[in-house]
Amino acid sequence: MASKYYQEMQESFRNNNKSREFPAHSAKVHSVAWSCDGRRLASGSFDKTASVFVLEKDRLVKENNYRGHGDSVDQLCWHPTNPDVFVTASGDKTIRIWDVRTTKCTATVNTKGENINICWSPDGQTIAVGNKDDVVTFIDVKSHRSRAEEQFKFEVNEISWNNDNNMFFLTNGNGCINILSYPELKPIQSINAHPSNCICIKFDPTGKYFATGSADALVSLWTVEELVCVRCFSRLDWPVRTLSFSHDGKMLASASEDHFIDIAEVETGEKLWEVQCESPTFTVAWHPKRPLLAYACDDKEGKYDNNRESGTVKLFGLPNDS
């Protein structure tokens with residue numbers, strides 16, 4: 001028997017399964033993220049800029065383009081509780097903090113290497129940034145100074161705090177999830193999660209689960225309390241690049257080079273929906289209040305010619321009659 005939630009969401013997506021695309025950049029989009037209040041979506045691109053859109057009913061309206069980085073903006077994230085502030089990580093060996101009210105860069109922090117991943121601590125006080133040399137730097141948000149720096153002996157892929165802010169998680173190239181205490185950064189545990197490269201990690205908003213995606217094309221779901229794997233999602237055929245939990249923690253979107261995004265019901269593993277794409281998907285992000293999914297694909301492939309602007313941001317979950 002399908003759950004009541006499953007039936008409700010199937011019905012919802014039957015009426016709201018339209019995707020729309022919005023021009024954002026002049027090159028491919030690496031990262032999309034919603035502000036905590038869901039009013040804005042930010043995107044970071046290979047074209048060295050970030051863009052911010054305002055969500056108006058069923059469309060994204062471009063508000064500003066943020067220039068200043070000297071290299072690709074690989075990842076970005078918003079402040080966990082302040083909907084006006086976001087941070088970008090770039091290959092130019094800096095991170096930049098931006099404020100949408102002034103549209104200015106409020107801080108540029110120099111780092112040692114080419115930055116590829118970034119996350120903001122749930123308490124809003126620290127930004128962690130990882131570079132290509134597997135160094136993770138913890139930056140104090142107020143002083144913009146490094147609090148700590150850790151060099152790892154393995155390939156660091158994605159990084160994240162748990163929701164309680166007392167543990168720090170890294171996924172690595174050996175298929176492991178490494179867990180450190182925070183702020184002490186003492187190793188607590190290393191979980192052999194996947195037989196191959198463990199690429200991405202996301203915590204659900206309720207604090208019950210986290211999910212990891214791997215090069216073996218599997219997504220695994222773990223309990224935060226016991227660190228036990230409770231479920232695997234295996235509908236993708238390619239390495240899982242990106243994950244996102246819905247605002248209620250009940251849906252999990254995962255994507256790869258497969259030409260669809262898988263939307264699963266977390267509690268059963270059942271497929272709720274799949275979003276068709278023309279090309280590989282780099283990034284997915286559920287809206288913090290509504291069943292709307294922002295995502296970005298490799299626009300250069302598929303049906304488009306190369307003259308057309310690549311670098312679009314897409315939104316799924318719009319009413320079919322919109």
Side-chain angles (χ1 to χ4, degrees), residues 2 5-25 27-34 41 43 45-46 51 53 55 57-60 199-200 202 211 213-219 221 232-248 250-266 268-287 290-322:
Y5 181 80
Y6 183 89
Q7 289 165 336
E8 280 170 9
M9 288 317 298
Q10 285 261 302
E11 179 63 23
S12 170
F13 287 142
R14 271 199 289 275
N15 300 317
N16 302 277
N17 61 37
K18 189 167 168 182
S19 282
R20 193 177 273 172
E21 55 181 63
F22 304 90
H25 295 276
K28 60 178 92 168
V29 177
H30 287 305
S31 181
V32 293
W34 293 99
L41 180 80
S43 56
S45 166
F46 187 71
S51 285
F53 294 84
L55 179 65
K57 198 163 165 281
D58 293 326
R59 61 194 189 112
L60 292 170
I199 298 169
C200 46
K202 275 291 181 301
S214 164
D216 60 15
L218 291 178
V219 174
L221 185 75
C232 269
F233 306 84
S234 58
R235 284 181 290 271
L236 296 169
D237 288 327
W238 290 85
V240 183
R241 290 188 185 173
T242 176
L243 298 165
S244 181
F245 281 97
S246 57
H247 66 95
D248 53 10
K250 292 182 175 176
M251 293 188 286
L252 179 61
S254 47
S256 64
E257 288 181 45
D258 290 274
H259 287 193
F260 66 92
I261 299 166
D262 183 73
I263 297 177
E265 182 179 21
V266 170
T268 61
E270 295 279 324
K271 179 171 88 171
L272 267 173
W273 205 262
E274 63 179 42
V275 181
Q276 295 302 318
C277 312
E278 261 99 28
S279 53
T281 302
F282 295 126
T283 176
V284 295
W286 282 109
H287 188 274
R290 296 167 54 187
L292 271 181
L293 187 74
Y295 62 104
C297 303
D298 189 351
D299 292 336
K300 277 278 186 263
E301 292 173 10
K303 65 178 186 188
Y304 304 130
D305 62 50
N306 286 350
N307 308 332
R308 183 181 168 285
E309 184 186 27
S310 61
T312 60
V313 168
K314 299 177 176 64
L315 206 50
F316 162 80
L318 299 171
N320 295 355
D321 53 13
S322 67

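Not measured: the values here are computed from a predicted model. Computed from heavy atoms alone, side chains included, the values below leave out hydrogens, waters and symmetry copies.
Screening Val284, Leu243, Val219, Leu252 against Lys202 for a side chain to side chain contact (heavy atoms under 4.5 Å, CB included) leaves a single residue, Leu243.
In this structure, Phe13 and Phe316 have tilted ring planes: the angle between them lies in the 30° to 60° band.
You'll find the side chain of Val266 stays beyond 4.5 Å of the side chain of Lys250, heavy atoms only. For the pair Glu270/Tyr6, a side-chain contact is recorded, criterion being any heavy-atom separation below 4.5 Å from C-beta on. Side-chain contact between Phe53 and Arg59 is absent, with no heavy-atom pair separated by less than 4.5 Å. Looking only at side-chain heavy atoms (C-beta outward), Lys314 and Cys297 come within less than 4.5 Å of each other. Looking only at side-chain heavy atoms (C-beta outward), Ser45 and Lys28 stay at 4.5 Å or farther from each other. Looking at heavy atoms from C-beta onward, Phe22 lies in side-chain contact with Leu315 at the 4.5 angstrom threshold. Between His287 and Leu55, some side-chain heavy-atom pair lies under the 4.5 Å cut-off. Using a 4.5 Å heavy-atom threshold, the side chains of Ile199 and Val240 count as separate.
By the 4.0 Å N-to-carboxylate-O rule, Arg235 lies too far from Glu274 to be salt-bridged with it. Between Asp58 and Arg290 a salt bridge is recorded (basic side-chain N to carboxylate O distance below 4.0 Å).
Of the possible polar contacts, none joining the Asp258 side chain to the Phe260 backbone as a donor-acceptor pair under 3.5 Å is found.
Around CZ of Phe282, the count of heavy atoms belonging to other residues, nucleotides or ligands within 6.0 Å exceeds 12.
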> Arg241 and Glu257: salt bridge (Lys or Arg N to Asp or Glu O under 4.0 Å), yes or no, with the steps?
Replying inline: CA-CA 8 Å; Arg241 290 188 185 173; Glu257 288 181 45; 3.3 Å; yes
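Between atom CG of residue Leu318 and atom OG of residue Ser19 there is a gap of 7.0 Å, rounded to the nearest 0.5 Å.
Residues Tyr295 and Thr242 bring no donor and acceptor atom of their side chains to less than 3.5 Å of each other. A donor atom on one side chain and an acceptor atom on the other are not found under 3.5 Å apart for Thr283 and His30.
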